[in-house]
There are 2 protein chains.
Amino acid sequence: MPHPDATHGDCANTTTLYGRARVSAQRAAIAEVVPLMRGAFTAEDLHRAVAAHTPGIGLATIYRAIAAMQEAGALASVGERDGSALLAACARNDHHHHLVCTGCGRVVGIECPIDEATLNAAEREGHLVTSHQIVLYGLCSRCRQREGA
Amino acid sequence: MPHPDATHGDCANTTTLYGRARVSAQRAAIAEVVPLMRGAFTAEDLHRAVAAHTPGIGLATIYRAIAAMQEAGALASVGERDGSALLAACARNDHHHHLVCTGCGRVVGIECPIDEATLNAAEREGHLVTSHQIVLYGLCSRCRQREGA
DNA sequence: TCGCGAAGTGAGAATAGTTCTCACTTAGGA
DNA sequence: TCCTAAGTGAGAACTATTCTCACTTCGCGA
Ligand SMILES: [Mn+2]
Ligand SMILES: [Mn+2]
Ligand SMILES: [Zn+2]
Ligand SMILES: [Zn+2]
């Protein structure tokens, strides 16, 4: 029976976030903030958010944690904005893609649209598809209302 | 009846490549090289290829011509490699996407796989899809043979 | 054909997101 | 508890791309 004291142990399932990588105090702090990030964010966004609770944390540490989380599949790359890579926390572990609201950054998962027909078309061209990169952009209902479109 | 002399006029239909933008001697030279580029290439690749026939042409000129050709829809962005944007000449003017061979850079066009089901799924989440970015990666038949996979 | 003004050019500086270096600390398995 | 590979922070470095600026030129209109 585990001790109910929540101040110890894998708060916010750091194993899911970081895989087999070590969990430093900094990464634990990052692990608490990442699930709170609403929608897509940049490395600098995350740095700012984490630094609010953990002053002095280095930007390089953020980048290294991001790399570890991407490695572990807990963080997805969802395009870019103004030259900065956009990221999104992702709890799903099946194959899917992301739809990003260009108004507010909200992110939802989308089933992979690549079907047999597409793969067959590629094969007809002589190509064997090994990977793909898909990001959809749009407007969430709230942003559509706000813009009155 | 047009004069058959091919050394004058819009060689390699520069209007298609550059749209309404001006066609300088440098852009004319670029227009001759772009259709010869095999598969995906970077700005530096193009610069090197053009400079072989037009020494001294500036890299900034290449970037500006690329921007104009993308604007005109004659050049497509097909992902990146080692931090550099990958481009591909594209003659089609219908909506489609690209499949890039990770071995040799060969590029083929692919029909858009996004169907009603995907759009409906997005709508069910409250989102209206306004655009999307899709690139497929794979191996062409020649590269598969070479790698013996 | 001529003139003019906006667009393009080239060299190099600037920008900026990301990665790297290095001395130091620390997580976590043995 | 020890040991060491992994992580950290500050700042330098990297580098693809964009910008600046003085100069040239394309191409339209008179
Ligand atoms: Mn997801
Ligand atoms: Mn194409
Ligand atoms: Zn929104
Ligand atoms: Zn190939």
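Convention: sequence-line order gives letters A, B, ...; per-chain numbering from 1.
- The separation between B:Ile66 atom CD1 and D:dT17 atom C1' is 10 Å, rounded to whole Å.
- Using a 4.0 Å cut-off on heavy atoms, the residues of residues 48-65 of chain B that approach DNA chain C are B:Gly56, B:Ile57, B:Gly58, B:Thr61, B:Arg64, listed by number.
- The residue among A:Ala85 and B:Arg27 whose nearest nucleotide of DNA chain C is located toward the 5' end is B:Arg27.
- A:Ile30 has its CD1 atom 12 Å from the P atom of D:dG7, to the nearest Å.
- Along DNA chain C, read 5' to 3', the first and last nucleotides having any atom under 4.0 Å from a heavy atom of chain A are C:dG17 to C:dG28.
- Taking only side-chain atoms of B:Val23, from C-beta outward, the nucleotide of D:dG7, D:dA16, D:dG27 with the closest atom is D:dG27.
- Screening residues 39-64 of chain B for ring-ring contact (aromatic ring centres under 6.0 Å, His included), with sequence neighbours left out, gives no hits.
- When B:Ile110, B:Val100, B:Val107 are each tested for a side chain to side chain contact (heavy atoms under 4.5 Å, CB included) with B:Val135, only one passes: B:Val100.
- The backbone N or O of A:Gly138 sits less than 3.5 Å from a side-chain atom of A:Thr102, completing a donor-acceptor pair.
- When the C1' atom of D:dG7 is taken as reference, atom CE of A:Met69 falls 14 Å away, rounded to whole Å.
- Each of B:Ala21 and B:Ser84 was assigned the nucleotide of DNA chain D with the nearest heavy atom; the assignment lying further toward the 5' end belongs to B:Ser84.
- One atom, CD of A:Glu80, and another, C1' of D:dT17, lie 12 Å apart when rounded to the nearest Å.
- Pairs passing the ring-ring contact (aromatic ring centres under 6.0 Å, His included) check and including a residue from residues 69-100 of chain B, sequence neighbours excluded, read B:His95-B:His97, B:His95-B:His132, B:His96-B:His98, B:His97-B:His132.
- Axis deviation across the helix from C:dT1-D:dA30 to C:dA30-D:dT1 amounts to 40°, comparing end segments of five pairs, rounded to 10 degrees.
- Under the salt bridge (Lys or Arg N to Asp or Glu O under 4.0 Å) criterion, A:Glu111 pairs with A:Arg92, not counting sequence neighbours.
- In the hydrophobic clustering of this structure, B:Ile114 groups with B:Leu99; members are Ile, Leu, Val, Met, Phe, Trp, Tyr whose side-chain heavy atoms approach within less than 4.5 Å, directly or through other members.
- One atom, CZ of B:Arg81, and another, C1' of D:dT15, lie 16 Å apart when rounded to the nearest Å.
- Atom-to-atom distance recorded for A:Asp115:CG and A:Thr118:OG1 is 4.0 Å, nearest 0.5 angstrom.
- Of the possible polar contacts, none joining the B:Arg38 side chain to the B:Cys104 backbone as a donor-acceptor pair under 3.5 Å is found.
- Closest of all the heavy-atom pairs between B:Leu17 and B:Ala31 is CD1-CB, 3.4 Å.
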**OP:** Walk me through it: do B:Arg27 and B:Thr14 pass the test side-chain contact (heavy atoms from CB on, under 4.5 Å)?
**Re:** CA-CA 8 Å; B:Arg27 290 194 176 179; B:Thr14 52; over 6 Å; no
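- No continuous path of ILVMFWY side-chain contacts below 4.5 Å connects B:Leu86 to A:Ile134, so the two sit in separate hydrophobic clusters.
- One atom, NE2 of A:His47, and another, P of D:dG11, lie 13 Å apart when rounded to the nearest Å.
- When the nearest nucleotides of DNA chain D are assigned to B:Ala43 and B:Ala25 by heavy-atom distance, the more 5′-ward of the two goes with B:Ala43.
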